[in-house]
Amino acid sequence: MEKKTQYIFITGGVMSGLGKGILTVSIGKLLQAQNYSIAPLKIDPYLNIDAGTMNPLEHGEVFVLDDGGEVDMDLGNYERFLEMTLSIQNNLTTGKIYKHVIDKERKGDYLGKTVQIIPHITCAIQDHIKKIGKGKDFVLIEVGGTVGDIESIPFLEAARELSVTEDVYFIHLVLVPTLDVVGEQKTKPAQHSVRILGNIGIRPNMIVCRCKDPLINRTKRKISLFCGVKEEDVISDHDANIYELPLILKEQKIAEKIINHFDMKHNGSELNAWTSFVNGLKNIDKKITIAMTGKYTQLHDSYVSINEALNHARSRYTCEIEIKFIETTHIENNTIDLKTALKDVDALIVPGGFGSRGTEGKIRCIKYARENNIPFLGLCLGFQLACVEFARNVCNLKDATSTEINPDTKIPIINIMASQKKIDTMGATMRLGAWPANLKKGSLAEKLYGKTEISERHRHRYEVNNSYVSKLEKNGLIFSGKSPDQKLMEFLELDNHPYFIATQAHPELKSKPLTPHPLFLGLVEAAIKKRYN
Ligand code: GLN
């Protein structure tokens with residue numbers, strides 16, 4: 001008999017940014033700990049088909065999946081918490097669902113019928129939810145946006161319709177603010193939000209309250225009374241590190257409540273490894289400073305995955321990391337002195353990026369790290385610029401650069417490959433998603449990964465120009481990872497340096513709390529050595 005799939009919807013009220021994604025995956029984590037399989041779905045009610053074209057300044061980083069899907073950065077938290085590899089199917093946007101229905105209409109699939117939001121869009125949403133849930137115990141559906149937004153109405157209507165034929169569990173996340181003057185937890189915003197949900201035809205089974213301090217009993221009672229849920233189903237989601245939420249919810253037996261609702265079996269709930277990871281973040285006995293160059297220095301969200309990869313690594317070493325952002329345009333025009341900027345740092349990361357702004361300053365930072373034994377990790381653009389730096393300053397190719405920086409350069413160390421003929425709006429197709437690489441035996445890369453065959457995720461257009469590879473190698477640059485056909489340069493490193501490694505890929509996208517990425521572990525270890533030896 002086919003497995004019965006249960007559906008859990010997570011909606012949010014009052015305002016955005018309350019941590020609906022973290023709540024969704026924390027619940028998923030607890031259900032997994034009970035030995036249940038889950039399929040998560042993130043619904044983004046915007047009209048974009050995917051996040052590929054979205055500005056990181058407005059939306060945070062674009063997360064890339066193995067299948068090449070460019071998705072909302074929340075999917076990064078999904079993968080990190082649930083330790084799953086997701087696909088583009090785990091992200092649904094208004095644009096995607098409308099396109100699907102409109103394409104069908106053009107093909108004549110609706111046989112002359114009037115195509116409408118209800119039932120055609122809402123049914124397509126339900127079909128998608130059912131499809132990704134096939135063979136799983138639970139589908140967890142996070143409805144993005146705030147209840148009451150016009151955009152999310154078709155998705156909430158689809159949820160309501162689904163609850164007519166299936167047993168659906170609704171969790172509503174609300175803000176419970178504390179007024180500083182009186183110090184009282186206020187429930188009125190929650191009441192209003194639950195009322196809006198009621199107008200759409202949805203009654204929550206559980207209300208999770210985002211609050212500063214743990215929810216007090218009086219507040220719980222009030223919410224229970226006014227919002228029509230049992231007191232024990234009013235849950236406290238108070239301020240803490242994001243990785244602590246599964247532990248906070250575990251104490252409140254949230255998975256048990258959901259399992260009871262569906263009349264399912266309890267299978268224990270061990271979270272020991274997760275607990276030690278969280279303890280490693282809190283019980284720190286060391287501190288290092290890592291410099292990070294970047295164009296989007298104003299917005300931490302642009303580098304979420306790198307920040308998280310550093311968190312995963314630092315927990316292992318019970319070490320705090322201070323990130324010092326370096327706006328490299330200031331290095332270029334000498335409003336910041338390079339030596340002063342990098343004086344007390346224990347490591348340097350040059351992350352990915354697009355365009356030429358600030359690249360000369362980044363190249364100068366890499367040179368400084370190479371010459372002064374500062375542990376260095378280059379990611380994507382950082383890898384390309386490390387090649388340029390080496391070509392210029394070691395191979396004496398003074399005009400070497402990337403054609404992204406100067407399309408007319410005589411020495412295009414980094415360029416667009418002839419095979420990338422299919423042109424998109426930016427001039428070439430991107431290399432997206434998971435790509436294999438073979439690591440050189442005896443290299444630092446092999447030592448870190450502990451194997452020679454690996455796979456990492458990519459999102460870039462430019463590549464190392466093969467015509468310069470032998471010149472760079474002869475001068476001492478080690479391409480320690482290449483594509484299986486040896487045509488694409490994937491990793492570089494240097495001998496006679498404590499830690500100098502870069503990759504064309506985005507390894508930060510695959511780091512997980514319980515399996516930190518080896519390149520980040522290596523960087524943190526090298527930085528600790530530099531600081532404390
Ligand atoms: N801009 C570079 C390229 O397109 C690097 C991209 C990146 O760092 N993600 O190849």
Side chain to side chain contact (heavy atoms under 4.5 Å, CB included) between K42 and N90, intermediate numbers included: CA-CA 6 Å; K42 167 84 200 287; N90 297 93; over 6 Å; no
Tell me, with the steps shown, if K286 and E525 meet salt bridge (charged side-chain N to carboxylate O under 4.0 Å, His left out). CA-CA 11 Å; K286 299 172 216 63; E525 190 185 300; over 6 Å; no
Verdict with supporting geometry, L140 and L41, side chain to side chain contact (heavy atoms under 4.5 Å, CB included): CA-CA 6 Å; L140 270 97; L41 177 66; over 6 Å; no
Trace of the side chain to side chain contact (heavy atoms under 4.5 Å, CB included) decision for L348 with C365: CA-CA 8 Å; L348 169 71; C365 289; 4.0 Å; yes
Going through the distances and angles, do K410 and D399 end up as a salt bridge (charged side-chain N to carboxylate O under 4.0 Å, His left out)? CA-CA 7 Å; K410 295 272 169 330; D399 295 325; over 6 Å; no
Working note: Y243 + E308, criterion side-chain hydrogen bond (donor to acceptor under 3.5 Å, both in side chains); need CA distance, chi angles, decisive distance, verdict. CA-CA 10 Å; Y243 293 110; E308 295 313 329; 2.6 Å; yes
Dump the intermediate steps for side chain to side chain contact (heavy atoms under 4.5 Å, CB included) on V464 and F479, then the final yes or no. CA-CA 10 Å; V464 172; F479 283 112; 4.2 Å; yes
Chi angles and distances behind the salt bridge (charged side-chain N to carboxylate O under 4.0 Å, His left out) call for R357, E327: CA-CA 10 Å; R357 189 174 167 273; E327 172 54 271; 3.6 Å; yes
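In this structure A502 satisfies the side-chain contact (heavy atoms from CB on, under 4.5 Å) test together with F376, F383, L492, sequence neighbours excluded. Taking the side-chain hydrogen bond (donor to acceptor under 3.5 Å, both in side chains) definition, one finds that K282 meets it with E244, sequence neighbours left out. Evaluation of the ring-ring contact (aromatic ring centres under 6.0 Å, His included) rule for H506 yields no partner, not counting sequence neighbours. Remark: K29 engages E83 in a salt bridge (charged side-chain N to carboxylate O under 4.0 Å, His left out) (not counting sequence neighbours).
Checked against the 6.0 Å centroid threshold, F354 and Y462 do not count as a close aromatic pair.
Residues S455 and W435 have side chains not in contact (no heavy-atom distance under 4.5 Å, counting atoms from C-beta outward). Using a 4.5 Å heavy-atom threshold, the side chains of H238 and R210 count as separate. In this structure the side chain of T275 never reaches within 4.5 angstrom of the side chain of F277, judged on heavy atoms. Contact of the R459 side chain with the V62 side chain is registered, since non-hydrogen atoms from C-beta on lie closer than 4.5 Å. Side-chain contact between D74 and E142: present, with at least one pair of heavy atoms (C-beta onward) separated by less than 4.5 Å. In this structure the side chain of H460 reaches within 4.5 angstrom of the side chain of R431, judged on heavy atoms. No side-chain heavy atom of F491 sits under 4.5 Å from any side-chain heavy atom of I478. Side-chain contact between R80 and H312 is present, with at least one heavy-atom pair separated by less than 4.5 Å.
Between atom CD1 of residue I38 and atom CE of residue M84 there is a gap of 5.5 Å, rounded to the nearest 0.5 Å. Distance NZ/K482 to CG/N438: 11.0 Å, rounded to 0.5 Å. Interatomic distance, E508 CD to N307 CG, rounded to the nearest 0.5 Å: 10.5 Å. Separation of atoms CG (D72) and OG1 (T93) is listed at 10.5 Å; rounding is to 0.5 Å. Rounding to the nearest 0.5 Å places OG1 of T401 at 9.0 Å from CD1 of I413. Here the CG atom belonging to L439 is positioned 9.0 Å from the CD atom belonging to E453, to the nearest 0.5 angstrom.
For the residue pair Y449 and P518, the shortest heavy atom distance occurs at CD2-CG, 4.0 Å. In terms of heavy atoms, P351 sits closest to I306 at CB-CD1, 3.5 Å. The heavy-atom pair separating T328 from G358 by the smallest distance is OG1-O, 2.9 Å. Across every non-hydrogen atom of I284 and R314, the tightest pair is CG2-NH1, 3.8 Å. Taking all atoms of both residues into account, the shortest heavy-atom contact from E493 to I501 is OE1-CD1, 4.0 Å. The two atoms that bring C395 and L472 nearest to each other are SG-CD2, 3.9 Å, heavy atoms only.
Here the side chain of T409 pairs no donor or acceptor atom with the backbone of N406 at under 3.5 angstrom. Remark: side-chain polar atoms of N466 are paired, donor with acceptor, to backbone N or O of K487 under 3.5 angstrom. Between the S483 side chain and the L488 main chain, a donor and an acceptor come within less than 3.5 Å of each other. At least one donor-acceptor pair closer than 3.5 Å links the side chain of K96 to the backbone N or O of N91. Judged by distance alone, the side chain of K20 and the main-chain N or O of V143 form a donor-acceptor pair under 3.5 Å. One N or O on the side chain of N465 and one on the backbone of P412 form a donor-acceptor pair closer than 3.5 Å. Of the possible polar contacts, one joining the Q32 side chain to the L82 backbone as a donor-acceptor pair under 3.5 Å is found. Judged purely by atom type and a 3.5 angstrom limit, E446 has no side-chain atom pairing as donor or acceptor with the backbone of K451. Using modelled atom types, one side-chain atom of E332 and one backbone atom of G361 make a donor-acceptor pair closer than 3.5 Å. Side chain of N372 to main chain of I374: no donor-acceptor pair is present (N/O by atom type, distance under 3.5 Å, no hydrogens or angles).
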Side chains of residues 172-180: which donor-acceptor partners sit under 3.5 Å, not counting sequence neighbours?
| unit_1 | atom_1 | unit_2 | atom_2 | d |
| --- | --- | --- | --- | --- |
| H172 | ND1 | T11 | OG1 | 2.7 |
| H172 | NE2 | S193 | OG | 2.6 |

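Comment: E79 engages R457 in a salt bridge, judged by a side-chain N to carboxylate O separation of less than 4.0 angstrom.
Sorted by first then second residue, the salt bridge (charged side-chain N to carboxylate O under 4.0 Å, His left out) pairs that include residues 367-389, not counting sequence neighbours, are K367-E371, R370-E389.
Counting heavy-atom neighbours within 6.0 Å of N496 CG, excluding the residue itself, gives a total of 12 or less. Around NZ of K440, the count of heavy atoms belonging to other residues, nucleotides or ligands within 6.0 Å does not exceed 12.
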